[in-house]
Amino acid sequence: MNPGLLTLIQGVILGLVSYRIWRLIAVDDLTAPVRPSGRVGSFLACAWCAGFWITIGVTALVWWLWGLENVWLAGGVATVIVGWLGEKL
């Protein structure tokens with residue numbers, strides 16, 4: 001498989017997984033009772049802010065467990081996906 005295409009696919013998958021984790025923390029009713037308010041709550045509600053750090057964690061975990069061809073490119077694609085989806089949905 002083309003290495004560029006593989007990196008793009010990995011980035012999209014990482015982005016979707018990271019988005020779901022961000023949404024669980026920031027938006028879903030399940031975590032509403034324990035969701036902080038104030039500055040921390042504002043940070044968590046921002047898909048571009050908290051989503052970036054969640055994506056770093058998910059990308060690092062996947063890289064450590066299974067390896068990634070271009071970890072920085074896949075992670076970069078993933079952070080954009082989390083921010084964009086969080087903003088649009």
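Keep in mind that the numbers below use all heavy atoms, side chains included, and drop hydrogens, waters and symmetry copies. Counting from 1, the numbers follow the sequence of the chain as shown.
By the 4.5 Å heavy-atom criterion applied to side chains, Leu85 and Leu16 are counted as neighbours. Residues Phe52 and Trp22 have side chains not in contact (no heavy-atom distance under 4.5 Å, counting atoms from C-beta outward).
Scanning all heavy atoms of the two residues, the minimum distance from Gly11 to Ile81 falls at O-CD1, 4.0 Å. Of all the heavy atoms in Arg35 and Ile25, the pair that sits closest is NE-O, 3.0 Å. Closest approach of Gly75 and Thr55 over heavy atoms only: O-CG2, 3.9 Å. Taking both residues in full, the closest heavy atoms of Ala78 and Gly15 are given as CB-N, 3.4 Å, listed atom of the first, atom of the second, then distance. In this structure, Gly51 and Val82 approach most closely via the heavy-atom pair CA-CG1, 3.5 Å. Across all their heavy atoms, Gly86 and Ala47 have their closest contact at CA-CB, 3.6 Å.
Ser18 OG to Arg23 CZ: the interatomic distance, rounded to the nearest 0.5 Å, is 15.0 Å. Rounded to the nearest 0.5 Å, atoms CG (Leu14) and CD1 (Ile56) are 11.5 Å apart. With rounding to the nearest 0.5 Å, the separation of CD1 in Ile9 from CG in Leu5 is 4.0 Å.
One hydrophobic cluster, built from ILVMFWY side chains closer than 4.5 Å, cannot hold both Leu89 and Trp48; they sit in different ones. When the side chains of ILVMFWY residues are joined at heavy-atom separations under 4.5 Å, either directly or via intervening members, Ile21 and Leu44 end up in a single hydrophobic cluster. Hydrophobic cluster membership differs between Ile54 and Leu24, with clusters built from Ile, Leu, Val, Met, Phe, Trp and Tyr side chains linked at under 4.5 angstrom. Under a hydrophobic-cluster definition in which Ile, Leu, Val, Met, Phe, Trp and Tyr are linked whenever side-chain heavy atoms come within less than 4.5 Å, directly or via other members, Leu6 and Leu73 are assigned to different clusters. Cluster annotation: Trp53 and Trp84 are assigned to the same hydrophobic cluster (Ile/Leu/Val/Met/Phe/Trp/Tyr, side-chain heavy-atom contacts under 4.5 Å, transitive).
If you run side-chain contact (heavy atoms from CB on, under 4.5 Å) between Gln10 and each of Thr59, Asn70, Val71, Leu68, only Leu68 comes through.
Within 6.0 Å of CG in Asp29 there are 12 or fewer heavy atoms belonging to other residues, nucleotides or ligands. Other residues, nucleotides and ligands contribute only 12 or fewer heavy atoms inside 6.0 Å of the CD atom of Glu69.
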Apply side-chain contact (heavy atoms from CB on, under 4.5 Å) to the pair Val77 and Thr7, showing each step before the final yes or no. CA-CA 9 Å; Val77 168; Thr7 300; 5.7 Å; no
